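Numbered from 1 within each chain, the chains take letters A, B, ... in sequence-line order. Just so you know, these numbers use all the heavy atoms, side chains as well, and skip hydrogens, waters and symmetry mates. What you see is a predicted model; the values in this text were computed from it and never measured.
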Amino acid sequence: MLREIESRYEPLSLEERIEDFWIKNKIYSISREKNKGNKPFFFVDGPPYTTGNIHLGTGWNKVIKDVVLRYRTMHREYLIDRAGWDMHGLPIEVKIEEKLGFKSKKDIETFGVSKFTSECKAFALKNLDEMTRQFKRLGVWLNWEDPYMTLKDEYIEAAWWTMKQADEKNLLFKGYRVVNWCPRCETAIADAEVEYAERSDPSIFVRFRLKGSGDDASILIWTTTPWTIVSNIAVAINPSFEYAKVKAFKEGKSEILIFAYDLIEPVLKKARYEDYEVIERFSGADLIGMRYEHPLTDLIPKQQEFDHSIYPADFVEMDNTGCVHIAPGHGPDDFDLGQEYGLPVFCPVKEDGRYSEDAGAYVNLNVRDVHERVLDDLDSRGLLLWREEVTHRYGHCWRCTTPIIYRATEQWFLKISDLKETMLSEIEKVEWYPEWAGRSRFRDWVSGAMDWCISRQRYWGIPLPIWICDSCGDFKVVGGKDELRELGKIKGDIELHRPYVDEVEIGCSGCGGVMHRVEDVCDVWFDSAVASWATLRFPSMCEDFERLWPADWITEGHDQTRGWFYSQLGASVVSFGVAPYRSVLMHGFTLDESGNKMSKSLGNMVEPGEVISKYGADSLRIYLLASNAPWDDLKFNWNEVATRNRMLNILWNVYRFPLPYMILDAFDPRSVDPDTIKGHLRVEDRWMLSRVNSLIKRLDEAIEVYELHRAARAIEEFVLEDLSRWYVQLVRPRTWIERDDPDKIAAYYTLYETLKTLTLVMAPFTPFIAEEIYQNLVRGFDEDAEVSIHLCAWPNADEKLIDSRLERDMGITRELVEAVLNARQKLKRKLRWPVKEVVIVSGSADVRSAVEVFEAVILKQTNTKKITVLAEDERWERLGIEIVPDPSKIGPSFKKDAGKVIGMLKAADAAAVESALKENGSYVLDDGITVTREMVSFREVIPDDVSVSDFTAGVVYVDCELNREIRAEGFAREVIRRSQEMRKEMDLKMEDKVDLTIVIPDAVVVELISPWIDHISSEVRAAKLELGVDLACSGDTIKEWDVEGVKITIGLSRRRSEDE
RNA sequence: GGGCCCGUAGCUUAGCCUGGUGGAGCGCACGGCUGAUAACCGUGAGGUCUGGAGUUCAAAUCUCCGCGGGCCCA
């Protein structure tokens, strides 16, 4: 049986109730189990990082996933959909360090690595629970019970296995390179972990004295990192530039400088030089090999061991001085240049950013605080030409926001440079949504990729599975736990985290020595890189991997181009030589209302929970989906969420409105025979069924290519336009029929089928409200129906029911009705008052056809007695015409009589003139004056009680002339409507009967209404009705109304039923 | 500085690929309906389509150069 429902859409309680229902009945797992053995759909969840709460962007991400996965499930595909969690790495370490008040790695060592990593683990697990709860509340269905977690041994083994693959293919190597280094976290960080932000630094011009120049000439360099001067080894120039030797004058002194010729003016002007003369000009190539003296050599004894001279480099650009200071230990370009020319890598900076003994006088100073000291030292030696402050973009550690430094260290790398070609060709084989995500954006990023530094000098991460021999230096990569236990002769289990694995010693097979693990952990991006096989439990289990891999689909935000799309591709090409995914949807970012990015520091973050508690998860979901194309950035807008909430409320009302009638009539859809009912369907019913089937088609087309916004908008439009604003309005009177009537059943049937189908297709988008409606509408009747809507199959569009001609005709019909309503409004004629006639003038055959098909609809919706369609050349007889004489034609012909002719024309019978002109081309006026066709034109004259309105294919005229019949009906309907309002005020039930007294002190109106008494009685459910001019008005409620200037008093009493 | 994307009414957007009178929704104003009713519907006002240049008979749409925003990189 159907049940009546709450009058208001209350998403919060509804969604809570539905979530309980899902849990209690294990709907999620049944929905997945059910399709076991069917075509698989292998989805890999991009793992969110377990730092705390989910935000709007992560919510959007999961909602996109959820819609697609629910849709696939309804298509009876078998999903592989383990949720994933990224649980290692610096962000969590930093949080724990903050919590424990740590300042450096030393604090961690003192505290104890095992205690520290268990804190990290506990923190990650706690956040995992909280975030899972939040995702579930959004209605996101993934395998939350058995997610993949990067901290699990099983997962770590997948990473180790991959690392071993890399080693076996000679793609893993140890290198001494300049890397991004965070002096606070004391670790290397990957390019992908560097975030750029504005920062102010000194911008300095420094002289390096040339050796043996004779004239005390200096080469002029520029830098924003004074601390690297300490490690200077060389100067680079561009051999194709022109350089100059300049004598510069300032405050009565002069000096000799060498730098780029084109930059003389700006540099000397900036440094406040009064004048200069160019002594010599030469090409950059002429400078190569010249030697200079390190500026601080007296303070840094180690520098005396190095030669300093000038080298050519293409990367030198024509800005600043055109001479670049080179410190191979502190810059990637510098390092590469050093490698090319065999320069020493001088890196006198320790892990914590302080100078080592090699830095001489600077030992133990922190490179971040040393700027002033270096500048003073340069200045006192007369080597600082100019200094100022500049604001520029500078790299910072992604987690602790400390400015990074470049530092030459020994690190472990994956040799991406060898794989680039394969990676690029694999990109081509992947389907990208949108297409440019792969074609342009990702391609560009991969093209510029360098070898991947995967080692981190930290604690909480996947330990690098590399053991090095203390004696011979050989290394071994361990591919899994069993291998480790065997090699390390471990009895029992071992946790694959630091510090436990650090203690494992392995015998060296080469020299018999002892091998110890490299102390590093993995770059956390390497963790998620192996997700596509780790989620299938490969390599510990191979079956699923062989059957399912690579992934059918993944989706993440466009920041993941450099992140997960890339790391997965790299790891996969290392392991298998192919891309790990078949299709990728790249989605956008969530921005705040003014289009700026959401960030904690700006205080403009919006949390999904906040939105849900106001409007519910369904509103948020449909908003997120309908608002943008998935790949565009989404500007969050509260107002728009509210609008979606309203849309769902309208859906709720549409669903609620027929229920009381259906219940009263004990309507049971199962007892309706579709074949029999077909004969009773009205055209509007067939239209509705056509529309809903077209909707299914539109959704299929859109979802297939991930145009989720089109799909969501199609649903919204259907609910608002087709259902609420139109079909429900048409069908209402039929539901009020009290007897058993096939016309009513046809309406019920149509409404029922439409709602049922609609909720099915809405299920992926708004899973809560869809479930709620399904439970009543479908489960309410049918115990055998699926327990949940989310176990149902996606409906197939029934082509037989789709009638595009009917849909087009109805489109025209709606336009016509709107035009008529518009016209009525111009004359302020309320809909309650019928009009005599509507005349449509149109040359369109489609209009004629629409009126033929939907005449009854138009009559009813416009409350008109008659519709007439005229062709363009026909004229409705109620329209008059008027002659418009053309003085420019009449004047020349009639000269001084022209005025008279014009007057006569205006007085003439326009219709007679027109027909005469049409037939003979001329018309003879009273005085025998003949006028011809070109002398006049005609203008339509619209009577006062006729109103006009345009529509796309023509014009409608509405004849609002009042007559007795219309006045009678108008007053009758006024009485009905007033009585209904009183019933409402008295809070009567729909089936309650009343006694009605109507007093109108105007005998004419009473007489007008009299014939309508039976109709009024039945409309307001009156058992007894009295109408008169001077009756005593009685009733529980008595009210006086003013209707079009007529006083009407209505008395209303509820009739007690016999047994009361 | 470079790559990719976005910029249409106060707000959110359709249209752009394939050039031919810019459509919606929200908000606002006015009205209607009243057995969906603390709901619903209609009408109206509101646009130098981010600025400029070019191609063309014709540009929101194609091309180029700016400006603003986002992501990524240097």
Nearest-nucleotide 5' precedence on RNA chain B, Arg814(A) against His558(A)
Arg814(A)
From the candidates U34(B), C71(B), C11(B), the one with an atom nearest any side-chain atom of Asn637(A) is C11(B)
Looking only at atom C1', what distance separates A45(B) and U50(B), rounded to whole Å?
24 Å
Taking the side chain from Arg814(A) and the backbone from Trp726(A), do they hold a donor-acceptor pair closer than 3.5 Å?
no
Ranking G70(B), C40(B), C4(B) by distance to the side chain of Trp436(A), first place goes to C4(B)
Select one nucleotide: of C26(B), C41(B), G70(B), the one nearest the side-chain heavy atoms of Thr643(A).
C26(B)
Output the single nucleotide from G42(B), A36(B), G35(B) whose closest atom is nearest the side chain of Glu818(A).
G42(B)
Scan Thr561(A) against the nucleic acid and name what it touches under 4.0 Å (heavy atoms): base, sugar-phosphate only, or nothing.
nothing
Is the distance from OP1 or OP2 of U13(B) to the nearest side-chain N or O of Asn628(A) less than 4.0 Å?
yes
Examine C4(B): is either OP1 or OP2 under 4.0 Å from a nitrogen or oxygen in the side chain of Arg562(A)? Give yes or no.
no
What is the separation between atom CD on Gln729(A) and atom C1' on C41(B), rounded to the nearest whole Å?
7 Å
Presence of Arg732(A) side-chain N/O under 4.0 Å of A36(B) phosphate oxygens OP1/OP2:
yes
Rounded to whole Å, CH2 of Trp631(A) lies from P of C72(B) at a distance of 21 Å
Where the side chain of Asp632(A) is defined as all heavy atoms beyond and including C-beta, which of C5(B), C41(B), G35(B) is the nearest nucleotide?
C5(B)
Polar pair under 3.5 Å, donor/acceptor by atom type, side chain Gln980(A), base G35(B)
yes
How about Phe636(A) and Tyr623(A): are their ring centres within less than 6.0 Å of each other?
yes
Are a donor atom and an acceptor atom from the side chains of Glu969(A) and Trp833(A) found within less than 3.5 Å of each other?
no
Between Arg646(A) and Asn649(A), whichever has its closest RNA chain B nucleotide further toward 5' is Arg646(A)
Can you tell me how far C1' in G52(B) sits from the matching atom in G68(B), rounded to whole Å?
15 Å
If only side-chain N and O atoms count, and only distance matters, is there a donor-acceptor pair under 3.5 Å linking His587(A) with Asp632(A)?
no
In whole angstroms, the gap separating P of C40(B) from CD of Gln861(A) amounts to 18 Å
Value in whole Å for how far the P atom of C5(B) lies from CE of Met586(A):
9 Å
Between Tyr433(A) (OH) and C4(B) (P), how many Å, whole number?
22 Å
If we take the P atom in both G70(B) and A58(B), what is their distance in whole Å?
38 Å
Phosphate OP1/OP2 of G32(B) contacted by Arg824(A) side-chain N/O (<4.0 Å):
no
Has Arg829(A) got a side-chain N or O lying under 4.0 Å from the OP1 or OP2 atom of G32(B)?
no
If you measure from the Lys or Arg side-chain nitrogens to the Asp or Glu carboxylate oxygens, is any gap between Glu716(A) and Arg644(A) under 4.0 Å?
yes
Ignoring hydrogens and geometry beyond distance, is a side-chain donor-acceptor pair present between Glu807(A) and Ser694(A) at under 3.5 Å?
yes
Write down the distance between CZ (Arg698(A)) and P (A14(B)), rounded to a whole number of angstrom.
15 Å
Base of G25(B), side chain of Glu640(A) - is there a donor-acceptor contact under 3.5 Å?
yes
Please work out if Arg713(A) contacts a base, only the sugar-phosphate, or nothing of the nucleic acid, heavy-atom cut-off 4.0 Å.
sugar-phosphate
Write down the distance between CG (Asp559(A)) and P (C5(B)), rounded to a whole number of angstrom.
17 Å
Can Asp451(A) and Ser417(A) be counted as having a side-chain donor-acceptor contact under 3.5 angstrom?
yes
If you look at every strand shown and take non-hydrogen atoms under 4.0 Å, does Thr735(A) touch a base, only sugar-phosphate, or nothing?
nothing
Per atom distances to the Arg725(A) side chain, the nearest of A36(B), G42(B), U34(B) is G42(B)
Please report the distance, rounded to the nearest Å, between CZ in Arg644(A) and P in G25(B).
13 Å
Identify whether any heavy atom of Arg443(A) sits under 4.0 Å from a base atom; if not, whether one sits that close to sugar-phosphate; answer base, sugar-phosphate or nothing.
nothing
Under a cut-off of 3.5 Å for both distances of each Watson-Crick or G-U pair, what dot-bracket string does RNA chain B give, using [ ] for crossing pairs and | for inter-strand pairs?
(((((((..((((......[..)))).(((((.......))))).....(((((..]....)))))))))))).
Nearest-angstrom distance, C1' atom, A74(B) to G10(B)
39 Å
Could you verify whether a donor N or O on one side chain and an acceptor N or O on the other, from Tyr433(A) and Glu435(A), lie under 3.5 Å apart?
no
Hey, is the main chain of Pro630(A) close enough, under 3.5 Å, to the side chain of Asn628(A) for a donor-acceptor pair?
no
